[in-house]
Number of protein chains: 2
Amino acid sequence: MDSKEYELSDRERIAKRLKEARLQSGLKQEQAANLLNIQRPTISEIEAGRRKVSAEEIIQFADLYKVNPSWLLLEDDGNIDPSLMFAARELEKYKQEDIKKLIDILKILPK
Amino acid sequence: MDSKEYELSDRERIAKRLKEARLQSGLKQEQAANLLNIQRPTISEIEAGRRKVSAEEIIQFADLYKVNPSWLLLEDDGNIDPSLMFAARELEKYKQEDIKKLIDILKILPK
DNA sequence: CTTTTTTTGTAAGATATTCTTACTGTAACA
DNA sequence: TGTTACAGTAAGAATATCTTACAAAAAAAG
């Protein structure tokens, strides 16, 4: 009976991951709140998906809970697509000027 | 040439990356705002580091600007230049054959 | 260079969110 | 039952954000 994250908003899904991460790290809401210098109800509201989480807070939560920041942003993991990396490294062989030109061309070309 | 992000707050550094990413994607503030269904001054305030960016917004910005969400959260994207990453992502959309042609064109282009 | 247009910055009041504090709910356990 | 530990929630105060309009700056045109 896997809990489906479908039909949940991004905020709710992020909330779930934050709660999961906190529990995984063995911290109570109050402990997390103290360590991050925020109020405990704030943690409660965030984990309920009722309060937004800022980018900075995501960084802090990730650090405290020892999880990858990008996982909190609903990415599968923190890794970049290998084929993308390959393409990027190929591009590195070219001069900066040529790359700029390529980018301009790409912006114009149809897919 | 400074470009030193030292002594900047996380918010300011995120702001810089957001602006850099927008410019790299060739979008005006107004275009970005329209595509994200927010007001243009909001983009301005965010890029000035005066307004927080929510986790959800980071996801949307990353998608629109074609950058890695974790890079917006100040992770270092595997030490590859952001403009390279952008080009690589764009390149992925094209057929292998077309990419070879593009690179051939690049080799001919004057510096 | 001067003028015009485009793009971005910013002000101010209205609106909305978040914070703070205190109280409530719930589960575990003696 | 009563107690403890932890999490949820309510309400007003404090902040932040949004909206609209105008101003500044930058870019383009003449």
Side-chain angles (χ1 to χ4, degrees), chain A residues 1 3 5 8-67 72-73 97 100-101 103-104 107-108, chain B residues 1-3 5 8-62 64-67 72-73 82-83 86:
Chain A
M1 206 82 55
S3 62
E5 289 186 354
L8 290 181
S9 68
D10 278 356
R11 194 151 109 192
E12 290 168 321
R13 295 172 65 210
I14 291 168
K16 275 198 167 191
R17 293 205 175 185
L18 280 168
K19 182 168 186 176
E20 181 182 345
R22 177 178 60 81
L23 294 175
Q24 186 64 44
S25 71
L27 292 170
K28 308 300 179 189
Q29 288 185 352
E30 186 168 30
Q31 294 176 300
N34 288 338
L35 290 168
L36 296 178
N37 289 301
I38 60 179
Q39 300 289 333
R40 186 192 53 77
T42 298
I43 304 272
S44 181
E45 294 294 304
I46 286 173
E47 291 183 358
R50 282 188 288 270
R51 180 192 174 280
K52 291 178 192 168
V53 194
S54 72
E56 292 162 271
E57 286 168 336
I58 287 290
I59 293 171
Q60 295 176 326
F61 277 122
D63 185 54
L64 178 60
Y65 297 155
K66 303 286 192 292
V67 295
L72 292 179
L73 291 188
E97 288 243 347
K100 281 188 173 26
K101 288 172 185 166
I103 291 174
D104 288 339
K107 284 174 182 169
I108 298 169
Chain B
M1 260 322 251
D2 68 317
S3 167
E5 290 186 353
L8 291 181
S9 68
D10 279 356
R11 194 152 108 191
E12 290 168 319
R13 295 172 65 211
I14 290 168
K16 275 199 167 192
R17 295 205 173 184
L18 281 167
K19 181 168 187 175
E20 180 181 349
R22 177 178 61 79
L23 294 175
Q24 182 62 69
S25 71
L27 292 171
K28 308 299 178 190
Q29 287 186 351
E30 187 169 32
Q31 296 176 301
N34 287 338
L35 290 167
L36 296 178
N37 289 303
I38 60 180
Q39 300 288 333
R40 185 193 53 77
T42 298
I43 304 272
S44 181
E45 294 295 304
I46 286 173
E47 291 183 358
R50 282 189 288 268
R51 180 193 174 281
K52 290 178 193 167
V53 193
S54 72
E56 292 162 273
E57 287 168 335
I58 286 289
I59 292 172
Q60 295 176 326
F61 276 122
L64 179 60
Y65 297 154
K66 306 286 194 302
V67 296
L72 291 179
L73 292 187
S83 69
F86 178 85

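Throughout, a chain's letter reflects where its sequence line sits, starting with A, and its residues are numbered from 1. No hydrogens, no waters, no symmetry mates; every other heavy atom, side chains included, goes into these values.
At whole-Å resolution of the value, CD1 in B:Ile43 and P in D:dT17 are 14 Å apart. The CD1-C1' distance, from A:Ile38 to C:dT18, rounds to 12 Å in whole Å. Counting to the nearest Å, the P atom of C:dT17 and the CD atom of A:Glu57 are 16 Å from each other. Straight-line distance from the CD atom of A:Glu30 to the C1' atom of D:dT9: 16 Å, rounded to whole Å. If you take CG of A:Leu27 and P of D:dA5, they are 18 Å apart, rounded to a whole angstrom. Per the geometry, CD belonging to A:Glu45 stands 16 Å off P belonging to C:dT21, to the nearest Å. To the nearest angstrom, P of D:dG8 lies 12 Å from CD1 of A:Ile46.
Crowding of B:Glu30 atom CD: a count of heavy atoms from other residues, nucleotides or ligands under 6.0 Å not exceeding 12.
Within the structure, every side-chain polar atom (N or O) of A:Arg40 is placed at least 4.0 Å from both OP1 and OP2 of C:dC23. An OP1 or OP2 oxygen of D:dG8 is reached within less than 4.0 angstrom by a side-chain nitrogen or oxygen of A:Gln29. One finds a side-chain N or O of B:Gln39 lying less than 4.0 angstrom from the OP1 or OP2 phosphate oxygen of D:dT19. At D:dC18, one or more side-chain N or O atoms of B:Arg51 fall inside 4.0 Å of OP1 or OP2 (strictly under the cut-off). When the side-chain nitrogen and oxygen atoms of B:Ser44 are compared with OP1 and OP2 of C:dG9, one or more of them lie within a distance under 4.0 Å.
Here the side chain of A:Lys52 is nearest to one of C:dT20, C:dT18, D:dT9, namely C:dT18. Taking only side-chain atoms of B:Lys28, from C-beta outward, the nucleotide of C:dT7, C:dT20, D:dC18 with the closest atom is C:dT7.
Although no hydrogens or angles enter the test, the distance criterion places a donor-acceptor pair under 3.5 Å between the side chain of A:Arg11 and the main chain of A:Gly49.
One cannot find a donor-acceptor pair under 3.5 Å joining the base of C:dG9 and the side-chain atoms of B:Arg50.
Side-chain atoms of B:Thr42 and B:Gln39 include no donor-acceptor pair closer than 3.5 Å.
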Carefully, step by step, assess A:Leu72 and A:Val53 under the rule side chain to side chain contact (heavy atoms under 4.5 Å, CB included).
CA-CA 11 Å; A:Leu72 292 179; A:Val53 194; over 6 Å; no

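Looking at heavy-atom distances under 4.0 Å, A:Glu47 makes no contact with the nucleic acid at all.
Shown are A:Arg50, A:Lys19, A:Arg51, A:Lys52; of these, the salt bridge (charged side-chain N to carboxylate O under 4.0 Å, His left out) with A:Glu45 is made only by A:Arg50.
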